[in-house]
Amino acid sequence: MLVVSDEVREAVEERRPVVALESTIIAHGLPRPDNLQVALELETLVRGQGAVPATIAVLDGRARVGLDKEQLERVANDEGMRKLGHRDLAPAVAAGASGATTVSGTAFLAARAGIRVFATGGLGGVHREWTTTQDESADLGLLARTRIAVVCAGVKSILDVPATLQRLETLGVAVAGYGTDRFPGFYLADSGHPVDWTLCSPTEVAVVLHAQDRLGGPEAALIVANPVAEDEQLDPALHARVLDEALRACAERGVTGQAVTPFLLDHLVRHTDGASLRANLAAVRGNVRLAARIAAAWSAS
Ligand code: PSU
Ligand code: MN
């Protein structure tokens with residue numbers, strides 16, 4: 001059921017550095033044809049730091065950890081790719097379906113394959129209309145019971161950021177700023193909210209992972225919140241204005257459920273002349289590079 005590529009399996013067995021990469025950002029988070037280039041580039045960035053990339057997806061009913069080029073092409077270009085959170089994995093496997101995995105689906109499969117470090121763009125979280133829709137990403141609940149380090153640029157700014165931070169606290173998920181005591185704002189370097197812990201090097205992150213193991217838990221993720229560089233962030237005023245419009249458009253068109261996140265991200269790309277896409281990519285690249293260095297520190301220790 002779980003097909004781990006030879007390269008990834010050997011690296012895990014030999015305790016060499018491996019970085020899990022999610023596929024939803026490729027299939028549903030980025031426009032074509034850039035998305036395939038990005039998928040390939042992220043894998044190259046991981047290799048450039050001496051680690052093995054493990055992009056994760058479900059193809060024809062097989063949960064795959066580590067994709068070859070042809071499989072990456074399918075994730076990027078196949079119109080029929082579904083979006084799979086962890087609850088969708090068993091039904092997708094049973095149906096022989098194909099889909100890209102979200103943070104929750106990816107983290108679940110990565111942990112099953114013995115991978116400890118995972119890089120993504122931004123986590124899902126609590127949506128702003130939570131009081132009426134109860135829309136909270138399944139990412140949070142899964143991360144609350146999965147021992148994996150997730151390098152991200154915070155949570156998408158389309159969400160209710162303080163509510164998401166509160167939920168992470170309630171769920172017992174540790175959050176550390178990387179080189180900062182501020183929680184990053186995905187497209188922005190600073191969400192305006194503080195974090196309790198700051199880690200300043202890959203080795204410091206690895207030391208936390210070891211401490212967690214020696215303590216025997218908790219069985220939860222460590223979120224390493226890595227801000228996009230200030231000169232690569234989206235202009236904060238533009239961000240505020242276009243985000244307002246996007247949220248209004250989403251409500252007017254009655255978009256709900258799994259479609260909300262892709263709708264808002266796409267609206268931002270189209271109404272910022274691609275600037276949101278550039279900031280998004282800068283954040284993801286930085287996260288992937290850092291994750292590879294953390295994976296290296298983790299296997300060396
Ligand atoms: N961040 C991005 N682009 C994305 C996502 C996050 O920059 O496409 C995806 C991730 O896969 C995340 C998912 O797990 O959105 C959350 O979706 P939902 O809110 O439906 O749980
Ligand atoms: Mn949702």
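Start at 1 with the first residue, then count along the sequence. Hydrogens, waters and symmetry mates play no part in the numbers below; they use all other heavy atoms, side chains included.
Donor-acceptor pairing under 3.5 Å is lacking for the side chains of H127 and T133. With hydrogens and angles left out, the side-chain atoms of T101 and E22 include no donor and acceptor closer than 3.5 Å.
Residues Y187 and L268 are in side-chain contact: their nearest non-hydrogen atoms beyond the backbone lie under 4.5 Å apart. Looking only at side-chain heavy atoms (C-beta outward), L140 and V126 come within less than 4.5 Å of each other.
The backbone N or O of T272 sits nowhere less than 3.5 Å from a side-chain atom of S276 that would complete a donor-acceptor pair. In terms of modelled atom types and a separation under 3.5 Å, the side chain of S104 and the main chain of H86 share a donor-acceptor contact. With hydrogens and angles ignored, the 3.5 Å screen pairs no side-chain donor or acceptor of H271 with any backbone N or O of E245. In this structure, Q212 contributes its side chain and A220 its backbone to a donor-acceptor pair below 3.5 Å. Within the 3.5 Å criterion, the main-chain N or O of I26 finds no donor-acceptor partner in the side chain of S23. When atom types are taken as modelled, the side chain of Q233 and the backbone of A189 share a donor-acceptor pair closer than 3.5 angstrom. Counting only distance, with no hydrogens or angles, the side chain of T198 and the backbone of T180 share a donor-acceptor pair below 3.5 Å. Put simply, the side chain of N287 gets close to the backbone of A283: a donor and an acceptor are under 3.5 Å apart. Looking at T24, its side chain does come within 3.5 Å of a backbone N or O of T102 through a donor-acceptor pair. No donor-acceptor pair under 3.5 Å is formed between the side chain of S5 and the backbone N or O of L67.
Between R9 and E13 there is a salt bridge, with a side-chain nitrogen of the basic residue lying less than 4.0 Å from a carboxylate oxygen of the acidic one. At a threshold of 4.0 Å, the pair R145-E219 does not count as salt-bridged, since none of the basic side-chain nitrogens sits closer than that to a carboxylate oxygen.
The salt bridge (Lys or Arg N to Asp or Glu O under 4.0 Å) pairs that include a residue from residues 274-295 are E41-R285, where partners are two or more places apart or lie in different chains. The salt bridge (Lys or Arg N to Asp or Glu O under 4.0 Å) contacts involving residues 187-201 comprise R182-D190, where partners must be two or more places apart or lie in separate chains.
Separation of atoms CH2 (W298) and OG1 (T203) is listed at 13.0 Å; rounding is to 0.5 Å.
R128 is linked by a side chain to side chain contact (heavy atoms under 4.5 Å, CB included) to D160, L243, L247, counting only residues two or more places apart in sequence or in another chain.
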For the pair R64 and L109, evaluate side-chain contact (heavy atoms from CB on, under 4.5 Å) and give the outcome as yes or no after the intermediate values.
CA-CA 8 Å; R64 291 194 173 269; L109 293 171; over 6 Å; no
List the steps and the verdict of salt bridge (charged side-chain N to carboxylate O under 4.0 Å, His left out) for K83 and D88.
CA-CA 8 Å; K83 174 176 161 182; D88 304 306; over 6 Å; no
